[in-house]
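Each remark here refers to the structure printed beneath this line.
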Amino acid sequence: MRGRRRQVLFAALLTVPALSAGAESFKAPEARAEMFGDADHGAGIWDECAGCHEIGPGAGNRVGPPLTGLFGRRAGNIDGFSYSKSMARMGADGLTWDWRTLDAYVENPKALVSGTRMAYGGLKDPQDRADLIAFLRRYSDGPEDIREAPPTARVREVDLPDSVLGLEGDPAWGEYLASECQTCHQRDGSDQGIPSITPWPEEDFVIAMHAYKQKLRPHPVMQMMAGRLSDEEIAALAAYFASLEE
Amino acid sequence: MQINRRLFLGGAAAGAAVLQAPMVLGQGKPRVVVIGGGAGGATCARYIAKDSDGAIEVVLIEPSEVYYTCFFSNLYLGGFRDFDSLAHRYDKLAGDYGITVVRDRAAGVDRAARTVATEGGESFGYDRLVIAPGIDFKDGSVPGWTPDDAEVMPHAYKAGPQTALLKAQIEAMPEGGVFAMIAPPNPYRCPPGPYERISMVAHLLSQKNPTAKILIVDPKDKFSKQGLFEEGWQKHYSGMITRIGPDMGGTDFEVRPGTMEVVIDGEAEKVDVCNVIPAQMAGTIAAAAGVTDGDWAPVSPADMRSRIDEAVFVLGDASAPGDMPKSGFSANSQAKVAAMVIRAELTGSAVFPAKYSNTCWSLIAPDDGVKVGASYEPTDEKIASVESFISQTGEDADLRKATYEESLGWYAGITADIFG
């Protein structure tokens with residue numbers, strides 16, 4: 001297996017000269033996330049909702065509450081709208097609208113909120129739901145302006161290319177990944193406000209990163225950073241940090 | 001394993017040898033020209049030079065000898081840092097990394113000929129161009145104000161003498177005077193920046209001029225970390241700060257630098273200091289290079305390459321990268337992705353999946369720090385947010401203190417990452 005990977009990489013390198021002519025044949029890094037859905041297609045599905053709901057600037061209460069700014073909002077939270085007891089209780093219990101909760105609600109409203117007044121049978125096709133919710137997401141805060149705004153995309157489960165996997169535990173890959181760590185953790189091991197991470201025994205490093213990834217260790221920045229690292233990436237980082245001299 | 005490894009390395013060397021011949025300029029080393037020595041440009045220059053080990057010539061064009069970071073400049077206004085602590089020079093980039101630092105302003109880009117002309121009359125050919133000029137201000141966005149008025153009503157939104165001027169004006173305010181801020185519309189550099197500034201001005205005034213008032217004229221409905229700032233203002237500076245949002249006339253205003261007045265919804269208010277933060281656009285060289293669409297430069301989410309010219313990369317505030325906010329952290333993060341890709345294109349080094357992130361700390365009062373952050377992944381459409389977090393209201397004092405101390409560590413870390 002390992003040998004095959006190396007050969008694939010070897011073959012890839014021999015084709016490199018074509019790349020140098022310019023960007024035409026250069027293969028950019030693969031996109032590892034996808035938008036929640038196709039909002040333009042979702043706009044068509046929205047027509048079904050528009051009989052009861054308004055969305056956009058100035059939207060107000062109609063048969064249903066306005067759906068502007070829906071993402072990140074507590075359920076049952078619009079002033080002046082008369083919610084079912086069931087929806088009000090779910091909001092008080094902490095139900096917040098995000099990608100996951102909306103997906104469940106739109107699929108089968110009564111499965112999530114038993115006594116909801118929304119007279120809608122549900123949207124069964126997962127792609128249609130994704131497209132509709134992507135349309136709704138357009139009318140909530142944009143993360144470029146309100147940084148804490150909910151995400152607009154989800155990470156795709158992609159198989160890393162063989163050329164990358166072949167470098168497992170390789171400090172060169174780790175060095176690239178480490179550039180993200182070194183925005184805060186200094187390469188020279190300075191330790192002020194943010195702990196030093198160099199050098200760090202490989203095994204300890206791997207255990208620590210997995211503890212952040214599983215949110216056992218509490219720091220939110222580190223949970224976010226480690227949460228997106230694959231096992232192979234953690235291994236490569238560990239190899240790199242272990243290779244640094246104090 | 002060992003044999004395979006050697007085979008692999010041998011292959012890489014052979015590949016590299018074949019590479020030399022058809023290099024874009026044909027002769028000698030490939031050259032990358034970087035316009036702008038801030039968080040995006042200087043990071044990108046440093047990483048290309050550092051990781052290519054001399055195989056790529058890097059030219060950094062930056063007019064200032066000393067760069068003052070916009071991030072943490074609010075802490076200077078609040079009295080938590082001295083002015084010199086914001087200053088960074090380019091001597092390590094030149095001395096330790098072999099970057100040619102050209103102290104001049106880029107005047108134009110000929111994308112067909114792949115050359116950059118400077119105001120000083122020099123011309124630099126490039127194989128890849130990185131444009132990272134930060135922001136400029138949009139004419140006429142604040143009625144009554146032009147850039148010529150910045151000596152009277154400072155913007156202090158490009159750090160340096162403007163920041164020092166604003167601080168001097170605040171310190172000279174009469175007892176019980178009024179500090180006004182015209183906050184910018186979206187999108188702009190550093191979304192929580194104006195509100196951290198308000199916190200720092202309030203802190204300074206609460207020490208030296210506790211009966212002074214602060215007035216924010218804001219064209220936006222809401223702003224980043226709003227709940228955290230408002231909680232902090234109530235707790236630390238109760239009664240000092242008034243924010244006039246769009247519902248109260250925050251979109252209908254003009255300023256009169258001659259008489260130091262701010263006119264809101266038709267009513268003139270006399271103020272002692274007026275910090276005007278205008279609407280923003282990409283630094284003008286981006287438009288001059290023809291890589292903007294509207295106010296900003298569209299880029300490919302996978303690698304920050306211009307959507308208009310594939311030999312050009314645009315980083316940081318000047319770009320329109322999707323969900324990433326305009327910040328020094330974002331620019332630094334984007335720069336490392338671009339550096340990795342540029343190096344791969346020019347020398348055949350490995351390409352890895354892009355990683356983008358942003359974390360931003362704000363100080364509300366002494367030892368009361370908060371933070372917000374997100375991670376981003378490229379999608380086919382844009383760089384999209386996939387996870388975010390924010391400090392919570394009501395956090396205990398120890399956590400807020402630790403968050404502030406963390407921000408000091410971050411400043412030391414990122415400035416070392418940018419300037420060497």
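Letters A, B, ... mirror the listed sequences (proteins, then strands); counts begin at 1. Nothing here was measured: the structure is a model prediction, and the numbers come from that model. These values consider heavy atoms only, across backbone and side chains, with no hydrogens, waters or symmetry-generated copies.
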Exercise for the section: Side chain from CB out, backbone as N, CA, C, O: work out which of these in A:Asp141 comes under 4.5 Å of a heavy atom of chain B, or both, or neither. Expected result: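 Interface part for A:Asp141: side chain.
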Handout entry: chain B contact via A:Gln186 - which portion, at a heavy-atom distance below 4.5 Å
Key =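 The side chain, not the backbone.
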As an exercise, state the distance from [atom1] of [X] to [atom2] of [Y], rounded to the nearest 0.5 Å.
X        : Y        : atom1 : atom2 : value
A:Met35  : B:Asp380 : CE    : CG    : 10.0 Å
B:Asp417 : A:Ser179 : CG    : OG    : 7.5 Å
A:Thr183 : B:Phe329 : OG1   : CZ    : 4.5 Å
B:Ser407 : A:Ile194 : OG    : CD1   : 8.0 Å
A:Glu175 : B:Tyr47  : CD    : OH    : 8.5 Å

Under 4.5 Å from any heavy atom of chain A - which part of [X]:
X        : answer
B:Ala416 : side chain
B:Lys50  : side chain
B:Tyr411 : neither
B:Asp51  : side chain
B:Lys371 : side chain
B:Pro187 : both

pair [X]-[Y]: side-chain heavy atoms closer than 4.5 Å:
X        : Y        : value
A:Met224 : B:Phe389 : yes
A:Asp145 : B:Pro325 : no
B:Ser224 : A:Glu148 : yes
B:Ser327 : A:Arg147 : yes
A:Thr152 : B:Lys382 : yes

Minimal non-hydrogen separation, [X] against [Y], with atom names:
X        : Y        : answer
B:Phe223 : A:Ile146 : C-CD1, 3.4 Å
A:Gln192 : B:Ala412 : OE1-CB, 3.9 Å
A:Pro151 : B:Ser385 : CB-O, 3.1 Å

With a 4.0 Å cut-off on N to O distance, would you call [X] and [Y] a salt bridge?
X        : Y        : result
A:Lys215 : B:Glu387 : yes
B:Lys355 : A:Glu233 : yes
A:Arg228 : B:Glu377 : yes

Practice task
Test side chain to side chain contact (heavy atoms under 4.5 Å, CB included) on B:Ser357 and A:Met225 and set out the steps.
Solution key: CA-CA 8 Å; B:Ser357 57; A:Met225 292 297 182; 3.3 Å; yes
Could you have a look at [options] and say which one has the most heavy-atom pairs with chain A under 4.5 angstrom?
options                                : result
B:Pro301, B:Ala402, B:Cys360           : B:Cys360
B:Ile390, B:Asn186, B:Val372, B:Ile414 : B:Asn186
B:Tyr356, B:Tyr404, B:Tyr376           : B:Tyr356
B:Pro321, B:Ala339, B:Ala374, B:Ser330 : B:Ala374
B:Thr43, B:Val386, B:Asp323            : B:Asp323
B:Ser391, B:Gly413, B:Gly373           : B:Gly413

Handout entry: Residue pair B:Thr379, A:Phe36: steps toward the side chain to side chain contact (heavy atoms under 4.5 Å, CB included) verdict
Key = CA-CA 10 Å; B:Thr379 68; A:Phe36 280 141; over 6 Å; no
Problem - Polar side chain donor-acceptor pair, B:Ser333 to A:Glu180, under 3.5 angstrom - result: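 No, because no side-chain N or O of B:Ser333 sits under 3.5 Å from a partner of the opposite role on A:Glu180.
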